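One structure is given here, and the rest of the page talks about it.
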Protein chains: 2
Amino acid sequence: MSSSAELKKAGLKTTLPRLKILSMLENASIRHMTAEDVYKSLLDSGEEIGLATVYRVLTQFENAGLVIRHNFEGGRSVFELNDEGHHDHLVCMECGDVFEFYDKAIEERQQKVADESGFVLDNHSLYMYGVCEGIRKNGKCSINKRKLPSILTTSKRR
Amino acid sequence: MSSSAELKKAGLKTTLPRLKILSMLENASIRHMTAEDVYKSLLDSGEEIGLATVYRVLTQFENAGLVIRHNFEGGRSVFELNDEGHHDHLVCMECGDVFEFYDKAIEERQQKVADESGFVLDNHSLYMYGVCEGIRKNGKCSINKRKLPSILTTSKRR
DNA sequence: GGTATTATTGCTAATAATTTGTACTAACGT
DNA sequence: ACGTTAGTACAAATTATTAGCAATAATACC
Ligand SMILES: [Mn+2]
Ligand SMILES: [Mn+2]
Ligand SMILES: [Zn+2]
Ligand SMILES: [Zn+2]
């Protein structure tokens with residue numbers, strides 16, 4: 001589906017800033033980006049945008065269900081496209097790498113715990129923090145996930 | 001153990017502000033408090049303290065392992081005394097009530113997931129958000145957990 | 001106990017991240 | 001195309017937290 005159609009489906013008008021941001025999220029080499037990551041990446045790609053707009057649009061995307069906001073330990077909010085199913089996260093405290101996982105047993109036990117406590121569950125966040133294999137074995141992470149794309153392949157226009 | 005001894009054991013000098021804060025955490029009717037909750041509660045109890053000191057001391061307590069810091073969805077940091085063993089949290093989005101739980105199966109699966117990913121785990125946070133039974137059945141929570149103690153039973157001095 | 005040494009406090013001012021106000025534009029239904 | 005309404009850019013405001021620094025309080029030593 002086109003980005004424009006995705007915005008429409010989410011009940012959002014198709015505007016250039018929104019297209020740029022959605023496009024950046026879809027094409028960036030890193031999946032979990034802060035508002036400023038998105039902003040800087042767009043500037044680096046030669047796109048013009050305001051930081052406040054990035055914040056505003058990311059929040060709209062969150063409310064529309066287009067992106068998920070995460071609050072990893074100690075840091076600012078990071079956003080990821082809501083294109084895969086639900087999953088939880090393993091964060092390396094050394095290199096910042098984020099590994100995603102889904103564990104059916106954990107999900108089921110969570111539901112059970114909620115049921116037993118009389119809670120109707122809305123959502124949950126499970127973040128695990130540790131040190132990844134790359135750092136432990138090679139002293140540094142194999143892939144530098146902090147690198148942002150210098151060119152935005154889509155979002156080119158006119 | 002006395003509060004003073006607890007501070008010593010944690011490698012912190014016994015000072016009046018630290019005693020007041022530790023005492024407040026030990027005696028408050030709510031377990032999970034923001035820095036400002038602690039600050040306001042102390043003022044309400046007639047105790048004098050600076051807000052910056054509360055932030056500073058809570059961070060020191062965190063580093064010393066005396067308290068745990070949580071970042072519940074959307075809100076500011078909340079602190080709880082590290083006197084029980086590890087547990088995770090169920091937060092009611094309506095009344096703010098916090099239920100604690102420990103599920104051995106979840107903990108074990110988490111370890112397994114980390115092992116399989118080559119991660120050495122340091123810590124994790126699992127927060128579940130929903131609506132509690134009290135709200136659903138009575139329209140409001142039975143216990144108002146937001147109420148702060150007006151008098152500090154300990155920490156009186158001289 | 002009295003005094004030196006040094007950590008800690010309580011201001012207040014500074015930050016960092018995010019949000020808001022507003023005058024200016026762009027989108028889109030007709 | 002036109003008008004209405006929503007969205008944008010930029011600056012200024014907020015909110016939560018931290019930093020700078022002079023005044024104080026807590027051990028250490030005599
Ligand atoms: Mn999950
Ligand atoms: Mn746990
Ligand atoms: Zn993810
Ligand atoms: Zn707890």
Side-chain angles (χ1 to χ4, degrees), chain A residues 2-24 32-43 46-64 66-67 69-79 155 157-158, chain B residues 2-24 32-43 46-64 66-67 69-79 155 157-158:
Chain A
S2 78
S3 294
S4 180
E6 291 215 63
L7 289 174
K8 284 237 178 54
K9 184 160 63 92
L12 295 168
K13 257 189 207 171
T14 303
T15 68
L16 193 44
R18 284 175 183 160
L19 286 172
K20 285 177 183 173
I21 291 169
L22 187 51
S23 197
M24 167 57 68
H32 306 84
M33 302 175 84
T34 65
E36 198 155 8
D37 284 340
V38 172
Y39 173 65
K40 292 254 180 69
S41 301
L42 284 170
L43 293 192
E47 304 285 346
E48 299 215 344
I49 196 149
L51 177 56
T53 301
V54 174
Y55 274 106
R56 213 179 316 114
V57 168
L58 285 174
T59 301
Q60 290 162 350
F61 283 6
E62 182 191 12
N63 293 331
L66 286 176
V67 305
R69 178 197 299 258
H70 296 291
N71 284 102
F72 293 151
E73 194 168 79
R76 58 186 90 174
S77 292
V78 296
F79 299 84
S155 109
R157 240 183 61 106
R158 189 61 29 91
Chain B
S2 78
S3 293
S4 179
E6 290 213 64
L7 290 174
K8 284 237 179 56
K9 182 160 65 92
L12 295 168
K13 258 188 207 173
T14 303
T15 69
L16 193 44
R18 285 176 182 158
L19 286 172
K20 285 177 181 172
I21 292 169
L22 187 52
S23 196
M24 168 58 68
H32 305 85
M33 303 175 85
T34 65
E36 198 155 8
D37 284 341
V38 172
Y39 173 65
K40 292 255 181 66
S41 300
L42 284 171
L43 292 191
E47 303 285 345
E48 300 215 343
I49 198 151
L51 178 55
T53 302
V54 174
Y55 274 104
R56 233 180 342 225
V57 168
L58 284 174
T59 301
Q60 289 162 351
F61 282 7
E62 183 191 13
N63 293 331
L66 284 177
V67 305
R69 178 196 302 258
H70 297 291
N71 285 101
F72 294 150
E73 193 168 78
R76 58 188 90 175
S77 291
V78 295
F79 300 84
S155 111
R157 238 183 61 106
R158 187 65 33 92

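Order of the sequence lines fixes the chain letters, A, B, ..., with proteins taken first and strands second; residue numbering starts at 1 for each chain. All values reported here derive from a predicted model rather than from experimental measurement.
The distance from atom NZ of A/K13 to atom P of D/dA6 is 7 Å, rounded to the nearest whole Å. As rounded to whole Å, 12 Å separates atom C1' of D/dT24 from atom CG of B/L16. Taking atom CG on B/L19 and atom P on D/dA25, their separation rounds to 15 Å, with Å as the unit. Between the P atom of D/dG7 and the NZ atom of A/K8 lies a distance of 13 Å, rounded to the nearest Å. We find that CD of B/E36 is positioned 15 Å from C1' of D/dT18, with the value rounded to whole Å. Atom-to-atom, CG of A/L7 to P of D/dG7 comes out at 11 Å; the value is rounded to the nearest Å. Residue B/D37 contributes atom CG, which lies 15 Å from atom C1' of D/dT17 at whole-angstrom precision. Between the C1' atom of D/dA16 and the CG atom of B/N71 lies a distance of 11 Å, rounded to the nearest Å.
If you check every strand for non-hydrogen atoms under 4.0 Å, A/R56 touches a base. As judged by a 4.0 angstrom heavy-atom cut-off over every strand, B/T53 is placed among the base-contacting residues.
A distance-only check finds no donor-acceptor pair linking the side chain of B/R18 to the backbone of B/V57 [under 3.5 Å]. Using modelled atom types, no side-chain atom of B/K20 and backbone atom of B/T15 make a donor-acceptor pair closer than 3.5 Å. The closest donor-acceptor contact from the side chain of B/S41 to the backbone of B/D37 lies under 3.5 Å.
Summarising the geometry of A/Y39 relative to A/G50, their closest heavy-atom pair is CE1-C, 3.9 Å, with the distance given to 0.1 Å.
At the phosphate of D/dT18, neither OP1 nor OP2 sits under 4.0 Å from any side-chain N or O atom of B/Y55. A sub-4.0 Å separation between OP1 or OP2 of C/dT8 and a side-chain N or O of B/R18 is present. At least one side-chain nitrogen or oxygen of B/S77 sits closer than 4.0 Å to the OP1 or OP2 atom of D/dT17.
Side chains of B/S77 and B/H70 form no contact here, defined as non-hydrogen atoms less than 4.5 Å apart.
Nearest nucleotide to the side chain of B/R76, out of D/dA16, C/dA27, D/dT18: D/dA16.
Along DNA chain D, the nucleotide closest to B/L12 and the one closest to A/L51 are compared, and the more 5′ of them pairs with A/L51. With the nearest nucleotide of DNA chain D identified for both B/T15 and B/A52, B/A52 has the one nearer the 5' end.
By the side-chain contact (heavy atoms from CB on, under 4.5 Å) test, B/S3 pairs with B/L19, B/L22, B/E26, sequence neighbours left out.
For the atom pair NZ of A/K8 and OG of A/S2, the computed distance is 7.5 Å after rounding to the nearest 0.5 Å.
Note on the helix from C/dG1-D/dC30 to C/dT30-D/dA1: angle between the axes of the first and last five pairs equals 40°, rounded to 10 degrees.
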